[in-house]
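We're numbering straight along the sequence, starting at 1. As the structure is a computational prediction, the values presented were derived from the model and not from experiment. Both ligands and their constituent atoms are indexed starting at 1 by order of listing.
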Amino acid sequence: MKEQRLSGVGVSPVSAVGTAVWYTPEPELADPPAPETVDTDTELDRFLTAKQTAKSELQDERERTAAAVGESEAEVFDAHIQFLEDPQIESGVESAVNSGCPAEHAASGTFAKFIEQFEEMSGQMAERADDLRDVRDRLIRILTNGERADLSSVPPDSVILAERLTPSDTAQLDPDRVAGFATVTGGRTSHAAIFARSLALPAVVGVGAELNTIEAESSVVVDGIAGTVINDPTTETQANVGGESVTIQADSVSTIDGRSIEVAANVGTSNDVQTATEYGADGVGLFRSEFLFLDRAEPPTEAEQYETYRSAIESFPDGRVVVRTLDVGGDKQIEYLDLPAEDNPFLGERGIRRSLGPDEDLFNTQLRALLRAARDADSGDLAVMLPLVSTVEEVTKAQSMIETVANAVETDSVDDNTGGRVETPEFGVMIETPASAFLAPELTEHIDFFSIGTNDLAQYVMAAERGNDRVKALGDYQQPAVIRAIDATVRAAEGTDTWVGMCGEMAGDPSMTELLIGIGLTELSMSAVSIPRVKTAVQTTSVSEAQALVENVREATTQDMITSLLNTE
Ligand code: PEP
Ligand code: MG
């Protein structure tokens with residue numbers, strides 16, 4: 001039989017083969033009885049009792065997830081409890097019950113309205129619809145005395161196939177039994193994707209309805225690198241799965257001709273920091289600090305942030321941890337921050353614009369936590385980086401705030417005998433907007449480093465929204481205009497003390513390593529699982545050959561020309 005290849009979004013650069021297990025957790029409801037036969041008080045009581053049971057289940061799952069995966073991943077269950085207790089949900093169910101619906105139908109109908117509202121939004125907000133479905137299904141299962149679908153006891157080497165996986169589902173996945181998973185829906189930033197990366201589990205999401213054609217018990221390959229799911233793979237395909245043997249190298253690496261390149265990790269949680277050390281990261285090139293703020297009811301305190309930053313810094317005693325200050329807005333929404341409704345959130349109040357505006361207090365708290373953590377860390381270095389910079393003033397204003405906070409922390413240190421001068425950390429900006437690339441020569445006078453964020457840079461240079469499949473090819477980092485923006489940034493830093501790194505997805509693509517080294521980048525930061533391959537790619541690169549490649553790429557006027565130059569190398 002011929003193998004069948006389906007494409008989706010690969011969310012973790014690992015692959016595996018296993019046996020298909022279909023997971024269909026959605027409870028089915030029988031038709032409701034006639035409204036006049038429904039006892040309103042009984043149904044309301046049933047709903048309230050189910051709500052209590054759901055809450056205690058969620059609290060248990062929260063604890064289990066915190067222990068097994070990490071505190072940040074566990075926080076999604078706080079968000080579920082919040083949804084569960086939302087007064088709008090309760091009043092919706094109440095009025096449906098009052099109009100003659102049994103509790104389970106009332107819950108189903110009420111949640112459906114909210115799910116629809118979330119689905120109409122874009123980016124991460126749309127993915128929160130999964131959380132609502134999760135809460136709805138839990139309530140309905142409790143109300144209908146349904147069996148709990150159990151993902152934790154599937155046979156070893158199972159490949160889980162599902163319409164979607166909710167956070168509760170993914171929290172149950174046991175990496176010792178589950179070889180990988182693939183889902184019909186879902187995007188790169190869905191919780192399922194984030195869990196897959198944290199657990200280094202092969203995963204492909206957003207495969208589409210064709211996934212349903214794979215039968216249970218079939219042999220399936222999940223290739224999280226290529227983003228493909230292969231049904232009934234040939235023996236040859238199976239033999240090649242995960243065959244690219246990766247060697248984890250704890251030491252830093254250099255090119256054939258001795259240029260040392262820092263290969264660092266992108267992290268968002270303490271658990272990711274741990275994974276980064278396991279994959280041989282030289283440091284952290286991007287700590288997405290907003291992850292500490294997501295999926296919870298209120299911002300983390302200064303003390304919580306201090307602990308997280310300090311332990312991250314100490315995890316790399318000989319390295320550097322670049323913490324990016326809070327980057328919210330765009331597709332990263334945080335309910336308690338009351339972000340404005342904007343027609344074009346990617347062009348609105350996001351990143352540093354919020355930190356110097358409505359979130360100034362949060363920014364100051366974050367800076368205090370960072371500078372105290374750097375002061376007290378037994379080893380390791382902190383660097384602070386600003387997101388979405390587009391003017392010189394943003395940089396000078398943030399810099400003067402950092403200095404003010406550093407002075408205050410230093411004064412406190414003397415008072416509370418924690419001693420020590422507070423060194424202002426290395427200071428850098430992300431190059432994510434065309435404005436910052438154009439201003440790079442002037443910015444070098446104020447900063448120590450640039451880190452190029454190709455995910456946003458490509459979106460803004462090409463005016464092609466990231467995450468919008470219709471303009472995916474246009475927003476590719478191999479577009480000549482994007483590569484020129486990167487080149488211009490590195491050229492602006494030449495001859496200055498500014499070092500230039502990259503923390504967008506392009507940095508984790510080993511087929512780009514030679515080009516990036518040829519352009520002159522000296523630090524590449526990526527998700528931890530990509531580190532071994534990129535370290536190997538660095539060691540097989542010669543700077544002089546890489547520079548010759550860059551000369552040719554500079555002449556290229558189309559993406560096809562660039563792709564073929566990269567492939568012929
Ligand atoms: C980027 O834009 O390339 C980047 C690394 O930041 P984020 O993906 O978090 O927006
Ligand atoms: Mg970005």
Q: In this structure, are over 12 heavy atoms from other groups packed under 6.0 Å from Gln547 atom CD?
A: yes

Q: Measuring from the heavy atoms of Glu505, does anything fall under 4.0 Å of ligand 1?
A: no

Q: Would you find more than 12 non-hydrogen atoms of other residues, nucleotides or ligands less than 6.0 Å from Phe438 atom CZ?
A: no

Q: Under a 3.5 Å threshold, yes or no: a donor from one side chain and an acceptor from the other, between Asn271 and Thr269?
A: no

Q: Supply the atom-to-atom distance Leu292 CG to Tyr309 OH, rounded to the nearest 0.5 angstrom.
A: 5.0 Å

Q: Out of Asn455, Ile452, Ile431, Leu286, who gets a non-hydrogen atom closest to atom 3 (O) of ligand 1?
A: Asn455

Q: So that I can tick it off, tell me whether Arg324 and Glu290 are bridged by a salt bridge, with the cut-off set at under 4.0 angstrom between side-chain N and carboxylate O.
A: yes

Q: For Glu335, I'd like to know if atom CD has over 12 heavy atoms of other residues, nucleotides or ligands within 6.0 Å.
A: no

Q: Give the atom numbers and elements of ligand 1 that come within less than 4.0 Å of a heavy atom of Cys503.
A: 5 (C)

Q: Using distance alone, decide if ligand 1 has a nitrogen or oxygen within less than 3.5 Å of any nitrogen or oxygen in Lys332.
A: yes

Q: Heavy-atom contacts under 4.0 Å between Arg466 and ligand 1: side chain, backbone, both, or neither?
A: side chain

Q: Identify which protein N/O/S atoms are less than 2.8 Å from the Mg ion (ligand 2).
A: Glu432 OE2, Asp456 OD2

Q: Look only at interatomic distance and state if Met430 has a nitrogen or oxygen under 3.5 Å from any nitrogen or oxygen of ligand 1.
A: no

Q: Any carboxylate oxygen within less than 4.0 angstrom of a Lys/Arg side-chain nitrogen, looking at Glu302 and Arg372?
A: yes

Q: Below 4.0 Å from any atom of ligand 1, is there a heavy atom belonging to Gln459?
A: no

Q: Heavy-atom contacts with Asp456 under 4.0 Å: which atoms of ligand 1 show up? List them by number with element.
A: 1 (C), 2 (O), 3 (O), 10 (O)

Q: Which residue owns the protein heavy atom closest to atom 6 (O) of ligand 1, what's the atom, and how far is it?
A: Arg324 NH1, 2.9 Å

Q: List the atom of Ser315, the atom of Thr277, and the distance in Å for their closest heavy-atom pair.
A: O-CG2, 3.8 Å

